[in-house]
2 protein chains.
Amino acid sequence: MPNRPGRPPRVTISDVSTAAGVSAATVSRVLNGTARVDASLVDRVQEAVASLGYRPNAAAQGLARGEWGTIGVLVPDLANPYFPDVLKAVSAVARSHGRRMMVMESDEDPAAEHDLVEDLMRCCDGVLLCSPRMSRAELAELAGRKHPMVLFNRIVPGLAVPSISVDFHGGMTAVCGHLAQLGHRRAAYLSGPSASWANAERLRAFESARAFGVEVEVVECGATSEAGYDAVAGVLAGDVTAILGYNDLVALGALARMRELGIAVPAAYSVVGFDDISLERVAHSNLTTVSVPRDELGRRAGELLEQLLVNGDDAEPTYLPMRLQVRDTSGPPPR
Amino acid sequence: MPNRPGRPPRVTISDVSTAAGVSAATVSRVLNGTARVDASLVDRVQEAVASLGYRPNAAAQGLARGEWGTIGVLVPDLANPYFPDVLKAVSAVARSHGRRMMVMESDEDPAAEHDLVEDLMRCCDGVLLCSPRMSRAELAELAGRKHPMVLFNRIVPGLAVPSISVDFHGGMTAVCGHLAQLGHRRAAYLSGPSASWANAERLRAFESARAFGVEVEVVECGATSEAGYDAVAGVLAGDVTAILGYNDLVALGALARMRELGIAVPAAYSVVGFDDISLERVAHSNLTTVSVPRDELGRRAGELLEQLLVNGDDAEPTYLPMRLQVRDTSGPPPR
DNA sequence: CTGTTAGCGCCTTCAG
DNA sequence: CTGAAGGCGCTAACAG
């Protein structure tokens, strides 16, 4: 690092070594505990380090060691309340293994995703990828890079990449079962991004639901509360008695609109969310929903990557279970 | 990077150069557009790059260039709904300047903060620091490192570090004024972490409020909805007619508890939050609160750092204004 | 135990 | 316009 004006004069390992009257190798050994060093030298080195305020340059270490000490995480949307918990867990795991965490956001743009992953690969030991939309082909191409990578929040059959996700299908099935038992026969689903894996998984659940006498009509919506707010009016005209949101945001948006319209929930309609985002924590909210173990997802994904980094362990795709949270917005249909 | 087993054989710039029959320097020039290169060579290089799947090693680039192309952000708690928007904005700014974003979390632990900042300095061109608790002395010590750093969400008088924050004092003053005009005379403040700057700023506002006939009693609480939930019962015994939360989480926790207790809001008590976290977005919630421009905070902080990095620009501390959001939980006091 | 010697992969002068 | 040479800061053999 050339001394740029205004920056502190960089102090390097050789500054320390001359100050301490030892070789750079010894300094390195002391700092990394790589080998036994005479106690007196250790002292001198530590003094020099302290007085010069020396900190090893991470890039140089990375280059020499062949490891960056960093993992990368790519998420579609940092502002989505789904991810902070995940990132927090990933960060903790990474740190516990002495690694830093680089974070990137694709802004839901599949085109950008590819480049960002490539960029992460240039500067991270491993990559944690959450990519709901990326095509199988592109994923396979990235996997072919043989760069350590773990896919989370999505499972791609046949893809040779360690993956961990959530049993969205099972979660939505639980929702349908809950409604069926309450006596509902027809529901509307405010659908999320149609290209997303997570949405497809939810949709699959509606087929089994039909077997239990519950018919779910799918309505294009989106993934935000605004989308839910806007979309809900359209389904009230029909004969449904329950409204399922792609996620909690959508359901809450719908709820807000329904409240404005003076519609009683759950008396007139049941409303069910999906994900159980911080609402309980934030608002002791009473939305019936299914919860995803976000911190466990982050933790497991991080550990999976660490395993991959250390042992090259591969592993079977894992689905974390969701849990139905029956609260106040679901009840028997009217009449 | 030595070829670790199971990893892809690393392809380096010299692999490309031999494949293309040119020198490494030329490859570098082509890739970085550093100088004119004969069109035919450009083609050959690009072909070689593509066919070998070459990507420059970021650590090596960083070492050679003296820049990591990375900025670091340290926040106290990733799961706090305050930060995602900030990070999102920072990430966008960083990317727009061709930099990556490293994220670390101190877990509200002032001891850890110091080490983490140091670590960030070893691997980032600049650091964005949100440290509500760190002592002035420690901050000054870090500032003395002369490593580009911007403090956000806090202003420390006399500290020679570019800082950007939010006018918490003004925000809380607005809250008090609002309540005063509604006719409230006594309120309780569910206080946040007493060591935090942001809390101190809020407290200062209560002094001016007294001049307007509003007396605010301060109650230890915390920063979470659970804390608000637990603390609120204690203040209902007194003669206050309004309850102010350290932040929205606290206020919402309090609200939830009050709802359980069957207390009417705002008829019996007004409740006011602080921060205006995603609630409107998440729940079309109706908490009266004051909003902080989180994305602007992130954006400005990012730009400030970029300025610092590029021109060494210093700047006066900036306070972003808050805006009072009068919604449904505040009204005139009973009687 | 310690110092010396080579790189790690890339960029950037400096000649040509 | 291009190649050769040196160095960024650190670590990892390799000899003593």
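So you know, we letter chains A, B, ... as the sequences are listed, proteins then strands, and number each from 1. Since this is a predicted model, take the numbers as computed values, not measurements.
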>> Just to be sure I follow the notation: if a pair is Watson-Crick (purine N1 to pyrimidine N3 plus N6-O4 or O6-N4) or a G-U wobble (N1-O2 and O6-N3), each under 3.5 Å, what dot-bracket string does DNA chain D give, with | for pairs to another strand?
In response: ||||||||||||||||
>> Nearest 0.5 Å, please: how far is CZ in A:Arg136 from CD in A:Glu141?
In response: 16.0 Å
> Between atom CG of B:Leu305 and atom CZ of B:Arg300, what is the distance when rounded to the nearest 0.5 Å?
Replying inline: 14.5 Å
Between [X] and [Y] (salt bridge meaning N to carboxylate O under 4.0 Å), is one present in this structure?
X       : Y        : answer
B:Glu67 : B:Arg99  : yes
A:Arg95 : B:Asp119 : yes
B:Lys88 : A:Asp77  : yes

>> On DNA chain C, does the nearest nucleotide to B:Arg55 precede the nearest nucleotide to A:Ala35 from the 5' side, or the other way round? Give the residue.
In response: A:Ala35
> Mapping A:Asp38 and B:Pro56 to their closest nucleotides on DNA chain C, which lands nearer the 5' end?
Replying inline: A:Asp38
> Which part of the nucleic acid, if any, lies within reach of A:Val22 when heavy atoms closer than 4.0 Å are counted: base, sugar-phosphate only, or nothing?
Replying inline: sugar-phosphate
On the nucleotide [N], are OP1 or OP2 found under 4.0 Å from the side-chain N or O atoms that [X] carries?
X       : N      : value
B:Gln61 : C:dC11 : yes
B:Ser23 : D:dG3  : yes
A:Asn57 : D:dC8  : no

>> Whether the A:Thr26 and A:Ser23 side chains hold a donor-acceptor pair (N or O, under 3.5 Å, no angle test) is what I'd like checked.
In response: yes
Just compare [options] and give me whichever is closest to any side-chain atom of [X].
X       : options               : answer
B:Ala64 : C:dT12, C:dG9, D:dC10 : C:dG9
A:Thr26 : C:dG3, D:dG9, D:dG3   : C:dG3
B:Tyr54 : C:dC10, D:dG3, D:dC1  : C:dC10
A:Ser28 : C:dC11, D:dC1, D:dT11 : D:dT11
B:Arg36 : D:dC1, D:dC10, D:dT2  : D:dC1
A:Asn32 : D:dG9, D:dT11, C:dT12 : D:dT11
B:Thr12 : C:dC10, C:dG3, D:dG9  : C:dC10

> So A:Val127 and A:Ile71, side chain to side chain contact (heavy atoms under 4.5 Å, CB included) or not? Walk me through it.
Replying inline: CA-CA 6 Å; A:Val127 174; A:Ile71 65 168; over 6 Å; no
> So does B:Arg65 reach the base of C:dG9 with its side chain, donor to acceptor, closer than 3.5 Å?
Replying inline: no
>> If you go through the side-chain atoms of A:Arg29, does one of them form a donor-acceptor pair with the base of C:dG3 closer than 3.5 Å?
In response: yes
For the pair made of [atom1] in [X] and [atom2] in [N], what is the distance, rounded to whole Å?
X       : N      : atom1 : atom2 : result
A:Ile13 : D:dA12 : CD1   : P     : 11 Å
B:Leu41 : D:dG3  : CG    : C1'   : 11 Å
A:Trp68 : C:dC10 : CH2   : C1'   : 13 Å
A:Glu67 : D:dC10 : CD    : C1'   : 15 Å

>> For A:Phe83 and A:Phe152, take the angle between the two ring planes, folded into 0 to 90°, and tell me which bin it lands in: parallel under 30, tilted 30 to 60, perpendicular over 60.
In response: perpendicular
